[in-house]
J.: 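Take this structure, written in structure tokens, and hold onto it; I'll ask about it next.
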Amino acid sequence: MKKLSIIKGDTTLYLNSDNLDYSVCKNGFEWVSQGAEPVIYFQRKILGRYISIAKKFSSAGHIEHNVFRDTIVSSFSEFTVFGKKLKISLFVKGQIIDNGKVDFSIVANHEKGMNIKSIYFPRPFNAKEYDKSNSYTIDPMRQGFILPDNHSDNIQEINKITKRTRVINTGDAYLPIWGRVCGERGYAGIIEDSHDANLKSSFGADGAFLTSSSFLGSLGKLEYKRIVHYHFYDKCDYVTIAKEFRAQEISQGNFITIDDKIKANSNVSSLIGAPIVHWRIMENNVTTSGIYKELKIGEIFHNTFGETADLFRKYQSLGLNKAYVHTDGWGKRGYDNLHPYILPPCENAGGWEGLKNLSDTCHELGYKFGLHDQYRDYYQDSEVYNQEHCIVDINGKKAYCDYWAGGAHNVLCSQLAKEYVERTYRELSEHNIKVDGTYLDVFGIMNGDECYHKDHRITRKESIAYRAECFEMLRADGIIVSSEELGCQMVKNLDMVHHAPYAVSPQCRGDQVGIPIPLANLVYHDCVFVPWHIEGTGGWGIPNSDAGFLHCMLNGQSPYFNDSMKPMSKDTDEQLVERIRKVNIAADFNAKVYNAEMVSHKFIDEKYRIQQTKFSNGVSVVVNFDNNTFKIYRCNIERVSNIMCVAKIYNVFMKKM
């Protein structure tokens with residue numbers, strides 16, 4: 001084909017091949033296509049089962065390219081799949097929206113069957129000429145990381161990332177964004193609607209780690225226009241890219257601040273400056289579960305409800321005057337068993353009366369009482385299990401897992417979840433158990449569950465909406481709503497997520513992947529509470545060499561008070577007082593910045609060990625991971641004495657360690 005080009009302002013877009021090889025020139029700096037080539041995964045039903053095959057765009061029987069002012073339009077039709085010519089046509093646009101802003105989109109016509117599994121498009125971009133010693137890639141895996149081109153630590157994990165499709169709204173990609181910075185120049189890639197989209201990473205011609213979008217069929221069809229926005233900058237960094245996505249979230253109405261959530265439910269204000277206490281009552285790893293086969297441990301009884309109440313009284317007497325209690329393993333057969341209906345409460349722990357006593361005790365102490373719950377994992381030995389309520393895929397197969405504690409389970413279609421949520425919290429209320437908060441496990445950090453069942457056929461986007469209905473029903477009753485991790489598609493419906501850590505491998509007590517950055521918090525810091533484990537170094541999602549406390553301070557977020565598996569008897573009163581003092585320092589700082597935007601983050605030293613964050617209310621914090629210290633500043637405003645006092649107290653505390 002003949003090379004095509006369009007120009008608008010300081011930006012030129014080129015189409016160089018039938019297989020959608022684009023390049024972009026912004027103010028004389030050129031970005032070229034590298035990495036994995038675009039591909040369409042078609043599917044057809046053969047012998048009663050859908051199977052898929054990959055086809056390049058250039059394999060179409062008919063290809064046409066046209067230029068219309070600021071847009072290059074490409075059409076592809078007459079694809080032959082497993083010997084049959086499909087009627088579907090694909091129309092692809094590359095459009096210059098404004099200086100440096102280029103949209104790539106794809107839409108389908110004549111979709112008669114369920115023929116689209118996914119489309120990987122466009123190909124990733126990299127600078128044509130650049131200094132590898134001054135270039136890096138921005139990645140949204142969990143909280144986020146940057147990967148300098150000359151970075152070699154834990155590179156095997158980067159290799160693994162390129163071997164899989166990366167699902168958005170999971171730990172693989174909290175956000176539907178990525179980017180590249182070469183010197184001062186850079187770009188951001190942002191998917192407009194991420195419900196039916198994934199990411200795909202690959203290596204460029206010179207080994208650079210690159211990422212682009214992969215669009216999924218929705219119930220077998222492309223169905224609607226898919227768009228990825230590219231922003232090319234003359235000067236940028238990873239903060240620029242986070243703020244670009246934040247602006248998109250605001251413009252699309254997806255951005256709801258903590259202050260707005262407090263207006264909707266005043267109980268959310270109780271999370272301000274509150275340590276989070278994770279407490280586990282009982283575990284029961286059934287013998288058929290993967291956990292049992294791995295650990296050879298069955299039932300673990302941690303505490304009765306009464307013993308837990310006594311422990312909390314002791315915490316309060318030693319100075320833990322405010323807390324949000326998250327209770328695991330309180331149901332009939334303990335943690336991760338029998339969902340989606342786990343009542344009555346565990347009899348050996350105290351049953352209905354014991355759970356009520358624990359709730360009442362929390363309120364007497366000034367604590368908020370929350371429960372761990374689950375309405376996605378659908379256990380086959382639950383008394384409410386009905387195989388017709390499971391999600392099924394395009395071939396009628398049910399999702400299945402038997403790793404978790406309760407053993408064999410499928411996935412409950414989220415269209416049906418709300419009735420189970422309503423039943424549980426109605427029965428708790430009927431027994432006069434006041435629940436202040438609830439954690440609906442995995443709802444916040446799993447992509448939508450597409451379901452092909454004839455009685456409850458739903459798209460991924462509809463699945464997310466049905467989960468949101470569960471949260472909003474509880475919120476309307478004044479209940480604080482939370483879930484597992486910080487997925488972009490549900491953050492507007494959540495008051496708290498219990499984890500938003502960094503990518504490390506293994507995820508618990510592992511080495512960091514790339515150079516961790518608070519990419520997600522640069523977008524959502526003032527939208528949701530996120531607690532951090534603060535004791536010792538390493539942990540779940542915290543690099544082995546780092547103190548969790550410092551990451552909590554750097555991010556200005558809530559602290560966890562305890563390890564839910566650790567018996568209190570191992571701590572003397574003196575040790576508890578020190579732990580409480582430490583957690584209160586972090587909690588007090590959270591109260592200062594919880595509703596402030598994190599406006600910037602930067603590395604102060606070349607080893608990435610000294611870092612600074614700044615917040616929109618003028619507060620700034622600098623942490624040093626090598627000497628385990630931090631300092632808090634009030635920028636351009638007179639220093640607040642109690643904040644500076646907190647810093648002084650903490651420095652003394654660290655010297656004692």
Side-chain angles (χ1 to χ4, degrees), residues 261 264-271 276-282 305 308 324-347 349-363 367-379 382-386 389 406 412-444 463-484 490 493-498 529:
K261 292 172 181 178
N265 176 11
S266 60
N267 287 329
V268 176
S269 64
S270 64
L271 295 176
I276 310 302
V277 179
H278 255 219
W279 203 260
R280 186 163 293 191
I281 301 298
M282 177 191 174
F305 297 131
T308 301
Y324 174 92
V325 173
H326 169 96
T327 312
D328 286 332
W330 59 275
K332 183 177 181 179
R333 207 173 70 192
Y335 186 71
D336 273 359
N337 273 254
L338 301 178
H339 294 290
Y341 182 69
I342 61 174
L343 295 174
C346 179
E347 288 295 334
W352 285 111
E353 184 178 348
L355 187 63
K356 182 179 185 304
N357 174 62
L358 178 57
S359 172
D360 291 346
T361 300
C362 285
H363 296 127
Y367 296 177
K368 294 297 180 180
F369 178 68
L371 297 174
H372 172 285
D373 214 348
Q374 161 75 271
Y375 295 92
R376 184 175 183 271
D377 294 355
Y378 195 28
Y379 285 89
S382 170
E383 65 180 80
V384 299
Y385 180 80
N386 180 342
H389 291 175
L412 175 66
C413 182
S414 50
Q415 186 182 42
L416 308 175
K418 187 176 177 180
E419 62 183 271
Y420 292 108
V421 178
E422 190 279 330
R423 177 181 177 180
T424 295
Y425 290 86
R426 171 172 44 80
E427 292 185 16
L428 286 165
S429 178
E430 288 170 353
H431 284 81
N432 297 313
I433 296 171
K434 183 182 178 184
V435 178
D436 300 300
T438 188
Y439 166 107
L440 303 190
D441 201 358
V442 308
F443 262 15
S463 173
I464 293 293
Y466 282 121
R467 294 180 196 174
E469 285 185 10
C470 296
F471 288 121
E472 295 306 321
M473 176 181 66
L474 295 165
R475 177 178 278 164
D477 286 337
I479 294 176
I480 299 164
V481 290
S482 65
S483 193
E484 191 169 2
M490 298 221 67
N493 303 108
L494 295 169
D495 304 317
M496 176 167 59
V497 295
H498 287 242
F529 288 92

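Sequential numbering from 1 along the given sequence is applied to the chain's residues.
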J.: Minimum heavy-atom separation for Ile281 to Ala349, with atom names?
T.: CG2-CB, 3.5 Å
J.: For residues Phe369 and Cys362, report the shortest heavy-atom separation together with the two atoms involved.
T.: CD1-SG, 3.9 Å
J.: For His278 and His498, take the angle between the two ring planes, folded into 0 to 90°, and tell me which bin it lands in: parallel under 30, tilted 30 to 60, perpendicular over 60.
T.: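 Rings of His278 and His498: tilted, as their planes differ by 30° to 60°.
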J.: Does Arg467 offer a backbone N or O that forms a donor-acceptor pair with the side chain of Ser414 under 3.5 Å?
T.: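 Checking the backbone N and O of Arg467 against the side chain of Ser414, no donor-acceptor pair under 3.5 Å is found.
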J.: Of the non-hydrogen atoms in Gly354 and Phe305, which two are nearest, and what is the gap between them?
T.: O-CB, 3.2 Å
J.: Might you work through the side chain to side chain contact (heavy atoms under 4.5 Å, CB included) test for Trp352 and Asn432, ending with a clear yes or no?
T.: CA-CA 9 Å; Trp352 285 111; Asn432 297 313; over 6 Å; no
J.: Check the pair Tyr425 / Val435 against side chain to side chain contact (heavy atoms under 4.5 Å, CB included), numbers first and verdict last.
T.: CA-CA 8 Å; Tyr425 290 86; Val435 178; 4.2 Å; yes
J.: How long is the span from the CD1 atom in Ile480 to the NE2 atom in His326, to the nearest 0.5 Å?
T.: 13.0 Å
J.: For the backbone of Asn267 and the side chain of Ser270, can you confirm whether one donor and one acceptor N or O come within less than 3.5 Å of each other?
T.: yes
J.: Evaluate the criterion side chain to side chain contact (heavy atoms under 4.5 Å, CB included) for residue pair Leu428 and Leu343; output intermediate values, then yes/no.
T.: CA-CA 9 Å; Leu428 286 165; Leu343 295 174; 4.3 Å; yes
J.: Yes or no on side chain to side chain contact (heavy atoms under 4.5 Å, CB included) for His339 and Asp373, after CA distance, side-chain angles and deciding distance?
T.: CA-CA 8 Å; His339 294 290; Asp373 214 348; 3.9 Å; yes
J.: Between Trp279 and Thr327, do the side chains contain a donor N or O and an acceptor N or O under 3.5 Å apart?
T.: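 Not at all, the side chains of Thr327 and Trp279 share no donor-acceptor pair under 3.5 Å.
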J.: Please name all residues satisfying salt bridge (charged side-chain N to carboxylate O under 4.0 Å, His left out) with Glu430, sequence neighbours left out, ordered by chain then number.
T.: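 In terms of salt bridge (charged side-chain N to carboxylate O under 4.0 Å, His left out), with neighbours along the sequence ignored, Glu430 is linked to Arg426.
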J.: Indicate whether any N or O donor in one side chain lies under 3.5 Å from an N or O acceptor in the other, for His363 and Asp436.
T.: yes
J.: Mind checking whether Phe529 and Ile276 have side chains closer than 4.5 Å, heavy atoms only?
T.: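 A side-chain contact is absent here, since even the closest heavy-atom pair is not under 4.5 Å.
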J.: Roughly how far, to the nearest 0.5 Å, is OG1 of Thr424 from CD of Gln374?
T.: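 Between Gln374 CD and Thr424 OG1, I get 11.5 Å after rounding to 0.5 Å.
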J.: Looking at Cys470 and Val421, what are the two nearest heavy atoms and their distance?
T.: SG-CG2, 4.0 Å
J.: Mind checking whether Lys368 and Val325 have side chains closer than 4.5 Å, heavy atoms only?
T.: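 Not in contact.
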J.: Would you give the length of the straight line joining atom OH of Tyr439 to atom OG of Ser483, rounded to the nearest 0.5 angstrom?
T.: 6.0 Å
J.: Please assess Tyr378 against Tyr385 for the test ring pair (Phe, Tyr, Trp, His ring centres under 6.0 Å), listing each intermediate value before the final yes or no.
T.: CA-CA 7 Å; Tyr378 195 28; Tyr385 180 80; 4.8 Å; yes
J.: Under the rule for salt bridge (charged side-chain N to carboxylate O under 4.0 Å, His left out), what residues qualify as partners of Asp336, not counting sequence neighbours?
T.: none
J.: Distance check, rounded to the nearest 0.5 Å: Phe471 atom CZ versus Phe443 atom CZ?
T.: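 It is 6.5 Å, given to the nearest 0.5 Å.
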J.: Parallel, tilted or perpendicular, judged at 30° and 60°: which one describes the rings of Tyr335 and His372?
T.: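 Aromatic pair Tyr335/His372 classed tilted.
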J.: Do Tyr420 and Val384 come within less than 4.5 Å of each other through their side chains, counting heavy atoms only?
T.: yes
J.: Could you state the interatomic distance from OG (Ser269) to NZ (Lys261), rounded to the nearest 0.5 Å?
T.: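 Going from OG on Ser269 over to NZ on Lys261, the span is 14.5 Å.
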J.: Check for me whether Arg423 meets the cation-pi criterion with Tyr341, that is, NZ or CZ under 6.0 Å from the six-membered ring centre and within 45 degrees of the ring axis.
T.: yes
J.: Using a strict 4.0 Å threshold on nitrogen-to-oxygen distance, state whether Glu353 and Lys356 make a salt bridge.
T.: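 Lys356 and Glu353: not salt-bridged.
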J.: Hey, does the side chain of Ser359 reach the backbone of Leu355 with a donor-acceptor pair shorter than 3.5 angstrom?
T.: no
J.: Going by an N to O cut-off under 4.0 Å, is there a salt bridge joining Asp495 and Arg475?
T.: yes
J.: Taking the side chain from Lys434 and the backbone from Asp360, do they hold a donor-acceptor pair closer than 3.5 Å?
T.: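 A pair under 3.5 Å: no.
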J.: Quick one: pull up CD1 in Ile342 and CH2 in Trp330 and give me the separation to the nearest 0.5 Å.
T.: 4.0 Å
J.: Do Leu440 and Val481 have side chains that get closer than 4.5 Å, going by heavy atoms?
T.: no
J.: What heavy-atom pair brings Ala417 and Leu412 nearest, and what distance separates the two atoms?
T.: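 Answer, listing the atom of Ala417 first, then Leu412: CA-CD2, 4.0 Å.
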